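Computed from a predicted structure; not experimentally measured. In what follows, every chain begins at residue 1, and chains take the letters A, B, ... in the order their sequences are listed.
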Amino acid sequence: MALNHHDQSKIREYLLGKLSDEEQQAIEERLLVDDELFQELEISKGELIEEYSAGELGQKENEWFGSHYLASDEGSERRLFAAALDTVGCRQPTPEPAGLFARIQAFLTRRPQLIGLATASVILAVGIGIWITSTTPRNSLAVTLINSTLKRSATDSQYHTISLKPDVGELKISLTLPESAKNAAKYRAELDNRYQTKSLTPSGFDGNSVLVIIPAQQVPNGLYALTLYAIKSDGTEQAVPGQYFFEIERID
Amino acid sequence: MKITQPPDLEAFDKLLTWLDPDREKAGEKYQKLHLRLSRIFAAKGCCQAEDLADETVNVVARKIDWLIENYVGDPALYFFGVAKKIYQPPRPLPNPPPPPDKTEIERRCSCLDKCLNLVTSSDEREVLLRYHQKEKGEKIRERKQIAKELGISINALRIRIWHVHARLRPCVQECVQQLEAGNALVGQDI
């Protein structure tokens with residue numbers, strides 16, 4: 001039986017506890033015998049987990065889904081799987097859409113007499129590439145981020161978008177200090193990619209800001225938050241209120 | 001949960017024949033029913049969804065002689081009727097679970113990396129990773145773009161991705177179990 005849009009929304013409503021008892025029973029009966037509807041149930045579970053994790057569900061939906069499907073063993077395992085997929089997806093570079101290398105390879109396979117010439121060209125190109133790379137300075141991109149507690153209004157975008165060109169080797173991020181955190185002996189920063197945190201030692205600081213340098217290769221496209229810790233002269237440290245949010249977006 | 005004695009071999013055999021006279025088809029139907037019952041129990045928030053599906057089968061199997069004689073209709077619906085009686089709404093409702101543990105996620109990530117190479121083709125990997133790469137609104141745009149590039153509808157793309165997930169999940173689960181068994185061995189005193 002082919003599914004329609006109505007079935008898709010019914011399944012979603014079923015998982016979010018929005019159906020009457022009769023509707024729920026009708027859906028469950030169909031789930032036992034209708035392969036496509038069952039497949040839709042499985043797909044919708046995955047999509048709702050994504051929405052739940054991203055905080056995109058309404059409060060009631062969130063509570064229902066959290067206390068029903070996600071409370072089951074299967075739900076909790078699926079949630080871990082979704083989180084792993086998200087993490088792996090975010091740390092992979094975006095694959096090139098066109099298989100240029102594959103096309104060149106296919107072209108040469110059909111014309112073996114060109115392989116020698118192609119090999120010589122590749123060696124020459126690699127040599128030139130190495131020479132250019134070794135003589136070109138590593139580009140830095142300087143960015144100033146404002147602490148989330150210093151934002152002017154709630155309507156300000158939380159994440160500052162940092163567009164990275166391919167030639168940028170490192171990010172120099174200047175973190176503006178709130179008044180209460182200006183007199184520390186030194187600072188420490190933590191970079192959070194929503195799954196892992198990494199401690200960073202700032203390259204320097206003055207009365208108003210702290211400078212951290214992050215190699216571009218350590219920040220794949222995605223959302224990040226930096227947390228600053230003010231370290232007093234006796235060694236105790238205290239988190240600076242608020243965070244510095246940014247999003248990395250690579251451009252050609 | 002009330003636990004009914006599992007059926008003996010003879011009763012189970014009759015149950016399979018009741019599902020389908022062809023042995024192979026009967027096995028498939030049984031597995032499908034069990035899986036779906038357990039998924040329905042899970043959707044309703046039952047922690048031990050598989051145990052409840054087992055219990056449903058046990059109850060049906062106990063009545064198999066009567067069913068063969070008297071029941072008319074799709075056996076799946078009889079299973080459903082029994083499952084409805086077995087189901088008890090969780091009281092009180094459990095609290096929403098805490099965010100997943102980072103170590104657990106990392107463990108699954110390393111398994112996922114392995115499984116991606118084991119059970120998916122490079123084209124599937126490329127599509128899957130793009131499908132899960134972006135955030136919120138951007139994610140929707142990216143998925144529309146992938147569907148356009150593949151010349152399929154968004155719904156067909158969802159289904160294609162689900163099929164890849166369905167191959168990846170058991171692989172990841174098995175890999176995690178192996179990692180955990182390995183860790184347990186390391187933790188043992190020799």
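Across the pair B:Cys171 and B:Cys115, the gap between the SG atoms, which is the quantity tested here, stays under 2.5 Å.
Proximity of B:Glu138 to A:Glu247: side-chain heavy atoms (C-beta onward) are separated by under 4.5 Å at one or more points. No side-chain heavy atom of A:Phe246 sits less than 4.5 Å from a side-chain heavy atom of A:Val143. For the pair B:Leu128/B:Leu116, a side-chain contact is recorded, criterion being any heavy-atom separation below 4.5 Å from C-beta on. With contacts defined as side-chain heavy-atom distances shorter than 4.5 Å, the pair A:Tyr69/A:Ile49 qualifies.
The part of A:Leu15 that comes within reach of chain B is its side chain, from C-beta onward, which places non-hydrogen atoms under 4.5 angstrom from that chain. For A:Gln25, the parts lying under 4.5 angstrom from a heavy atom of chain B are both the backbone and the side chain. With a 4.5 Å cut-off on non-hydrogen atoms, A:Phe65 does not touch chain B at all. Of the atoms belonging to B:Ile40, heavy atoms from both backbone and side chain fall under 4.5 Å from chain A. Using a 4.5 Å cut-off between heavy atoms, B:Gln173 contacts chain A through its side chain alone, with no backbone atom that close. Contacts between B:Lys29 and chain A at a heavy-atom distance below 4.5 Å are absent for every atom of the residue. When heavy atoms are compared at a cutoff of 4.5 Å, B:Pro75 does not approach chain A at all. Heavy atoms of B:Cys46 lying under 4.5 Å from chain A belong exclusively to its backbone. For chain A, no part of B:Ile161 is nearby; none of its heavy atoms comes within less than 4.5 Å. Residue B:Ala49 does not touch chain A at all, counting heavy-atom pairs closer than 4.5 Å.
Of all heavy-atom pairs between A:Arg250 and A:Asn221, the closest is N-OD1, 3.1 Å.
For chain A, the option among B:Glu104, B:Glu50, B:His165 with the highest count of heavy-atom pairs below 4.5 Å is B:His165. Highest contact tally toward chain B, considering only A:Leu41, A:Asp35, A:Val33, is held by A:Asp35 [criterion: heavy-atom pairs under 4.5 Å]. Contact count against chain B (heavy-atom pairs under 4.5 Å) is highest for A:Glu29 among A:Glu51, A:Glu29, A:Glu40. Taking A:Phe81, A:Tyr14, A:Trp64, A:Tyr52 one by one and counting their heavy-atom pairs under 4.5 Å with chain B, the maximum is reached by A:Phe81. Chosen from A:Ile43, A:Asp73, A:Asn62, the residue pairing most often with chain B at heavy-atom distances under 4.5 Å is A:Ile43.
Between A:Glu74 and A:Lys45, at least one side-chain N (NZ, or NE/NH1/NH2) sits under 4.0 Å from a carboxylate O, which counts as a salt bridge.
Side chains of B:Asn155 and A:Gln8: a donor on one and an acceptor on the other come within 3.5 Å. A donor and an acceptor atom, one from each side chain of B:Thr103 and B:Asp101, are located under 3.5 Å apart. Looking only at atom types and distance, the side chain of B:Glu142 has no donor-acceptor partner in the side chain of B:Tyr131 under 3.5 Å away.
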